[in-house]
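Heads up, the thing below is written out as structure tokens.
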Amino acid sequence: MSETARAAVGTADANRWKALVFIALAQLMVVLDATIVNIALPSAQQDLGISDGNRQWVVTAYALAFGGLLLFGGRIADLWGRKRAFVIGLAGFAAASALGGAATTGAMMFGARALQGVFGALLAPAALSLLAVMFTDAKERAKAFGIYGAIAGGGGAVGLILGGFLTEYLDWRWTFFVNIPFAVIAAAGAYFVIREPEGGRNRSALDIPGVILSTLGLVALVYGFTRAESDGWGDSVTIGMFVASAVLLLAFVAVEARVKAPLLPLRVITDRNRGGIYLSLGLAIIAMFGLFLFLTYYLQVVKGYSPVKTGFAFLPMIAGMIIGSTQIGARLMTRVPARLLMGPGFLVAALGMLLLTQLEIGSSYTTLLLPAMLLLGLGMGTAFMPAMSLATQGVEPRDAGVASAMVNTSQQVGGAIGTALLNTIAASATTSYIKDHIATAAGKPQQQLVQLQGMVHGYTNAIWFAVGILVVSAVIVVTFVNAGRPGAVPVASGEGVEDEVAVPVVAH
């Protein structure tokens, strides 16, 4: 290790581990929010008189604002400073959550969710880029990203448990109010503890055409998929959204290649390692988000589980993600190349998904769902860990916010696509199954059984697609990601030559 490398490790921020606690808390709040509201949605819909046609906007308003503004949020974090963007994002998210919890009409709820998305788009990239610039030592970086990866992967399932408890024992409004203490503690802690490294800001003029084109392009893409779910793929508005999105995003790339200070410097995504990470993560999230939806409905509608019991049923997946991320990923991250963790990780998750293609009405939780969830959690946790670290590694400090935003964008767009795409596949398979079998069903109980069988048949059809998607993710990783150990951080030596700092991880 060069003298400069030793100095960089030695002068690291003394409060960085305390800072990690507050960054992780904020990340948990954002990820929780993506699933916690789904559990509360039926109760909120009834209370506020939201129609079936409009209820999707509780989820869609958040997804559109969050997914559409992430790149802008990442660039603002680079411009203002990550700490300031982080604290402002938390304060705004708390205020929007209070508004959602106090909502008296559907319109007020939709507005609050959109506002949550706006501040989430500022908060999420600021959190990840703070980690990227604060943890530069290989051993510490592996541990920090292990914790962050476990939260990013497992937080959604925690949201299902918490959402079940709050909805069943308190009131749906608490699924919004619960964000306020999270945000206040994280913001206060960040304000007093985080010391952002000097010289990492990007003070170039804001690329306004890039902001407009990227935001409109991503909003059109996310809305196209949510529209496809409710109105079908052949709907004229759906097709129009996809065409508009393609035109806007192509125009965005053309603008970014020409302007002096681009919103998204193409060097961030044309690097084969980062490009491979963004693409494989986005695809894996498509598979995961669709599965969360199917398993929630399978457990509650088919198996008759309560919201709380459903939440607890997801615990093995969370345990698997935490073990995969902090024990497997963090221990091996500085010892083996990233593709040898991510590729097998996605394949283990695909194996768990493959087990779920055997779902039937009478399937046993212990013998089928439990091992499938454990495999899914272990695989995704192991893959997420190096992905989070490698996606922000090696970028110039001035690009850290935008590189972090791209991780979040691939996840957010992947989530919107996954929910719409796999739900559509499941719905069409269910309809076709019921149409073929309902005529032979005699009596109402038999017809209800056919409907449940049709529902499960639809889920297993869609899960086969999810298996294929995870295998494709593994292939992309092995093909594109050729970096060495993600923990081996290039550090400029005194001679101008880059030395690799690689310290084996001893995970606690």
Side-chain angles (χ1 to χ4, degrees), residues 25-41 43-45 47-50 54-77 79-80 84-127 155-156 159 162-163 166 171-187 190 211-212 214-216 218-223 226 401 405 408-409 411-413 415-416 419:
L25 190 64
Q27 173 64 11
L28 179 62
M29 181 188 73
V30 172
V31 177
L32 279 177
D33 201 72
T35 51
I36 198 169
V37 174
N38 288 348
I39 294 278
L41 186 53
S43 308
Q45 181 186 354
D47 267 13
L48 300 178
I50 301 170
N54 283 335
R55 71 179 171 191
Q56 63 155 340
W57 282 103
V58 176
V59 175
T60 305
Y62 179 78
L64 288 178
F66 192 31
L69 291 169
L70 269 166
L71 282 178
F72 183 42
R75 177 67 180 85
I76 288 291
L79 183 66
W80 287 356
R84 183 185 295 175
F86 184 72
V87 172
I88 292 171
L90 280 166
F93 201 92
S97 298
L99 190 66
T104 52
T105 64
M108 191 173 165
M109 167 66 79
F110 305 149
R113 289 291 283 158
L115 207 54
Q116 276 187 314
V118 170
F119 286 104
L122 182 62
L123 172 62
L162 193 56
L166 294 171
D171 184 67
W172 66 264
R173 294 181 185 278
W174 282 98
T175 60
F176 286 90
F177 292 145
V178 76
N179 289 332
I180 299 169
F182 274 99
V184 169
I185 294 166
V211 169
I212 294 168
S214 68
T215 302
L216 292 178
L218 287 169
V219 164
L221 181 65
V222 173
Y223 184 58
T226 53
N408 287 289
T409 301
Q411 290 178 306
Q412 192 62 30
V413 172
T419 306

Side-chain donor/acceptor of R113 to backbone N/O of Y62, under 3.5 Å:
no

Where A61 and F110 come nearest, the two heavy atoms and their spacing
CB-O, 3.6 Å

Would you call the rings of F177 and W174 parallel, tilted or perpendicular, where under 30° means parallel and over 60° means perpendicular?
perpendicular

Smallest heavy-atom separation, F119 atom then G89 atom, equals CB-O, 3.6 Å

Quick one: which of L71, L69, V219 gives a side chain to side chain contact (heavy atoms under 4.5 Å, CB included) with S214?
L71

Are any side-chain N or O atoms of Q116 and backbone N or O atoms of A96, one a donor and one an acceptor, separated by less than 3.5 Å?
no

Where M29 and L90 come nearest, the two heavy atoms and their spacing
CE-CD2, 3.8 Å

Taken to the nearest 0.5 Å, the spacing of L166 CG from D171 CG works out to 9.5 Å

Closest non-hydrogen atom pair, G120 against P125:
O-CD, 4.1 Å

Minimum heavy-atom separation for L122 and G73, please, with both atom names.
CD1-O, 3.9 Å

Once you round to the nearest 0.5 Å, how far does CH2 of W172 lie from CD of Q45?
11.5 Å

Give the minimum heavy-atom separation between L218 and G68, together with the two atoms involved.
CB-CA, 3.8 Å

Could you check if a side-chain atom of L48 sits within less than 4.5 angstrom of a side-chain atom of M108, using non-hydrogen atoms only?
no

Pairwise distance CG(L70) to OG1(T215) - rounded to 0.5 angstrom:
9.5 Å

